[in-house]
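Here's the structure, in structure tokens; my notes come after.
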2 protein chains.
Amino acid sequence: MVTMDDVARLAGVSKMTVSNVVNNRGGVSEPVRRRVREAIERSGYRVNVSARTLRSGRTGVIGLAVPEIDRPYFGRLASHVIEAAGRRGFHVAIEQTGAAASGEIDAIAHARTLQFDGLILSAVGLDGRERVPPEGDHPIVMLGEQDFAGRFDHVAMPNEEATAAATAHLLDRGCRAVAIVTGRLDWGLNMVTARHHGYLSALAARGLDADPGLRVELDTLTMEAGREAAHRLASSGRPFDGVVAVTDTVAIGVLRGLADAGLRVPDDVRLAGFDDIAEAAYLVPSLTTVAPDHAWMAAKAVELVTARIADPGRPTGRFVAPYELVSRESTV
Amino acid sequence: MVTMDDVARLAGVSKMTVSNVVNNRGGVSEPVRRRVREAIERSGYRVNVSARTLRSGRTGVIGLAVPEIDRPYFGRLASHVIEAAGRRGFHVAIEQTGAAASGEIDAIAHARTLQFDGLILSAVGLDGRERVPPEGDHPIVMLGEQDFAGRFDHVAMPNEEATAAATAHLLDRGCRAVAIVTGRLDWGLNMVTARHHGYLSALAARGLDADPGLRVELDTLTMEAGREAAHRLASSGRPFDGVVAVTDTVAIGVLRGLADAGLRVPDDVRLAGFDDIAEAAYLVPSLTTVAPDHAWMAAKAVELVTARIADPGRPTGRFVAPYELVSRESTV
DNA sequence: TTGTAGGCGTTATCAG
DNA sequence: CTGATAACGCCTACAA
């Protein structure tokens with residue numbers, strides 16, 4: 001391995017001068033700088049990140065903890081975070097938490113072990129009540145659904161408001177009985193309950209009551225669960241002509257399940273999702289959905305961690321992503 | 001920060017003994033080991049990875065370079081790789097190459113800078129002709145589509161064979177004119193050409209000629225491109241009753257594009273894809289596709305890098321993933 | 001403007 | 001079985 005010493009010897013200067021050149025610091029004359037540059041080129045020298053890290057205490061790595069990287073929503077988020085971090089000179093290491101609070105707490109604890117300068121946590125399992133270990137006193141930014149009043153920087157989704165908008169959209173299109181396929185509502189305050197609230201408030205705004213018989217709660221927000229939910233709704237005998245799905249992934253399953261039951265979308269049932277994953281526009285029928293600005297969220301989260309890395313004492317902030325309701329064939 | 005020195009003082013032993021306990025090395029008596037464990041617990045000590053890396057020369061990190069992490073196929077691959085690597089005590093850092101040969105060469109070059117112990121490269125842009133920089137003399141494993149005769153360890157897809165099987169399946173179902181939506185065939189030898197070969201050979205096996213008018217070449221393998229390809233096929237005036245799509249992502253677009261054109265699947269046109277992404281089973285109609293064993297591929301790739309990390313001199317190997325043709329509604 | 005000394009936290013080596 | 005010592009490669013502080 002080529003070290004600074006080798007380069008220094010090659011260029012006929014001291015180690016320190018090489019370091020100054022490498023880090024673009026001043027105090028090196030132009031001829032010397034050029035000589036050092038050449039020596040670096042010639043020797044193929046690369047800085048040793050570990051040594052630099054050991055010395056400086058910073059790794060240049062931001063951790064990104066997501067439940068599972070192979071879900072479209074998180075894949076997209078990760079892609080944007082990697083890019084945004086790259087623009088600020090940071091690398092991203094992805095941790096999979098498996099959607100469990102325990103995994104998320106682990107991620108926080110690991111952040112120290114793995115030597116991240118900061119952590120972006122897309123929390124799903126954790127809710128405001130969990131005791132997040134204080135030992136993980138790294139810069140942590142919560143990204144996405146869950147809410148943590150003031151304890152962390154937080155880039156939030158417009159869960160309630162946007163779900164209300166989607167529900168209102170269904171009602172505008174003439175739906176009379178709007179079902180909801182959501183997650184477990186008894187698992188604390190989280191994305192699921194916030195979105196459910198949005199659904200309820202949109203109904204209430206029109207003087208409608210939510211029919212509990214038109215609510216299906218899922219243990220996991222998967223396509224398969226969405227499919228089964230549709231089966232359950234279809235076989236319940238209760239008439240319905242609209243469905244709000246808690247995520248697009250669930251909506252894909254619902255779409256599939258409605259087809260299994262011989263129900264056509266949007267003719268028999270209209271359907272709206274949440275996330276605007278890439279596939280939404282290409283489904284048959286294409287899916288009406290809430291499109292939060294993913295790139296904005298990622299950029300904001302990265303901005304917040306890097307700011308906190310630079311100044312750990314700054315006050316925490318909460319930012320809500322802008323969104324758009326994208327109307328497509330599933331609610332024509 | 002708590003260091004080994006602190007723990008050593010707390011336990012009344014030397015730094016070295018602490019190191020031995022932390023790394024589960026022998027030569028420490030049980031009582032001392034217990035005392036050290038307690039001291040670690042009490043002090044909240046964590047090893048400093050940078051220091052360990054600096055000393056040992058190993059980072060415990062495997063790089064995974066994929067075109068874009070937010071494509072379902074790569075997301076899934078990444079998920080499996082992360083898990084397989086975790087089982088062997090490695091962490092995974094994801095690099096996005098943007099599907100360009102330049103990005104992939106960068107990833108190889110960066111592997112050193114970023115201090116990966118090894119790199120798993122899911123190459124798409126690179127083909128056998130590119131001059132892969134020899135300076136990146138890290139363990140590199142090629143994963144997936146592209147072929148690199150003997151220069152690297154390689155976990156390959158059964159591209160030709162499986163595409164032939166998919167094409168034969170369409171013919172078995174009664175298709176007379178099978179179109180193909182593929183990538184650019186003039187961009188060197190790669191996954192695209194291999195799959196096209198499979199298509200041709202299946203036709204040839206039945207004494208059929210491929211109609212060049214039923215071939216659409218895409219610049220990018222996206223849903224949008226697939227959709228446009230379907231439009232082009234539908235408006236060409238040439239009759240066709242089957243389509244082989246080069247990937248599932250493209251197939252989703254084709255499905256959508258056929259719907260735009262008023263063609264029903266499978267009644268008017270049958271469709272087969274490649275990859276078996278999670279969504280395939282939930283599309284309406286569900287998608288017949290080639291299902292390579294992703295978990296197997298990931299595990300094999302990790303096995304190969306770790307083996308090469310341990311023994312850089314071992315001979316390279318090439319392994320082809322097992323696959324299954326999953327028949328679903330799109331080819332009923 | 002350039003060079004020297006020392007230490008970041010860990011582990012390999014070898015002596016006790 | 002345990003401990004002292006010396007690196008690993010870089011950067012901060014200070015001296016020249």
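In this model, the phosphate group of D/dG9 is not approached by any side-chain N or O of B/Arg52 to a distance below 4.0 Å at OP1 or OP2. Contact annotation: A/Thr53 side-chain N/O to C/dC8 OP1/OP2 distance is not under 4.0 Å.
Within 4.0 Å of A/Arg33, counting heavy atoms only, lies no atom of the nucleic acid at all. Nucleic acid contact class of B/Asn23 (heavy atoms, under 4.0 Å, all strands): sugar-phosphate only. B/Ser56 comes within 4.0 angstrom of nothing in the nucleic acid, heavy atoms only.
For B/Arg55 against C/dT10, a side-chain-to-base donor-acceptor contact under 3.5 Å is absent.
Residue B/Arg58 contributes atom CZ, which lies 18 Å from atom P of D/dC8 at whole-angstrom precision. Protein atom CZ of B/Arg35 is 15 Å distant from nucleotide atom P of D/dC1, rounded to whole Å. Between the CZ atom of B/Arg46 and the P atom of C/dC8 there is a distance of 22 Å, rounded to whole Å. The CZ atom of B/Arg25 sits 9 Å away from the C1' atom of C/dA12 (whole-angstrom rounding). Between B/Met4 atom CE and C/dG7 atom C1' there is a gap of 17 Å when expressed in whole angstrom units. Atom-to-atom, CZ of A/Arg9 to P of C/dT4 comes out at 13 Å; the value is rounded to the nearest Å.
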**Request:** Assess whether salt bridge (Lys or Arg N to Asp or Glu O under 4.0 Å) is satisfied between A/Glu38 and A/Arg34, documenting all intermediate values.
**Result:** CA-CA 6 Å; A/Glu38 260 166 36; A/Arg34 199 179 355 259; 5.6 Å; no
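Here A/Thr306 pairs with A/Ile62, A/Arg88, A/Phe90, A/Val302 under the side chain to side chain contact (heavy atoms under 4.5 Å, CB included) rule; sequence neighbours left out.
Under the 3.5 Å distance criterion, the side-chain polar atoms of B/Asp293 are left unmatched by any main-chain donor or acceptor of B/Ala321. Panel note: side chain A/His91, backbone A/Thr59; no donor-acceptor pair is recorded below 3.5 Å.
The listed nucleotides are C/dT10, D/dG9, D/dT2; the one nearest the side chain of A/Asn48 is D/dG9. When distances run from any side-chain atom of B/Leu54 to the nucleotides D/dG9, D/dC1, D/dC11, the shortest one goes to D/dG9. Set against D/dT2, C/dT2, C/dT10, the side chain of B/Ala51 has C/dT10 as its closest nucleotide.
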Between the protein and nucleotides 3-5 of chain D, which nitrogen or oxygen pairs are less than 3.5 angstrom apart?
residue : atom : partner : partner atom : Å
D/dG3   : OP2  : B/Ser14 : N            : 2.9
D/dG3   : OP2  : B/Thr17 : OG1          : 2.9

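Atom CD1 in B/Ile82 sits 8.5 Å away from atom CD in A/Glu95 (nearest 0.5 Å).
Between B/Val2 and B/Ser43, the closest heavy-atom pair is CG2-O, 3.4 Å. When all heavy atoms of B/Pro315 and B/Arg308 are compared, the closest pair comes out as O-NH2, 3.3 Å.
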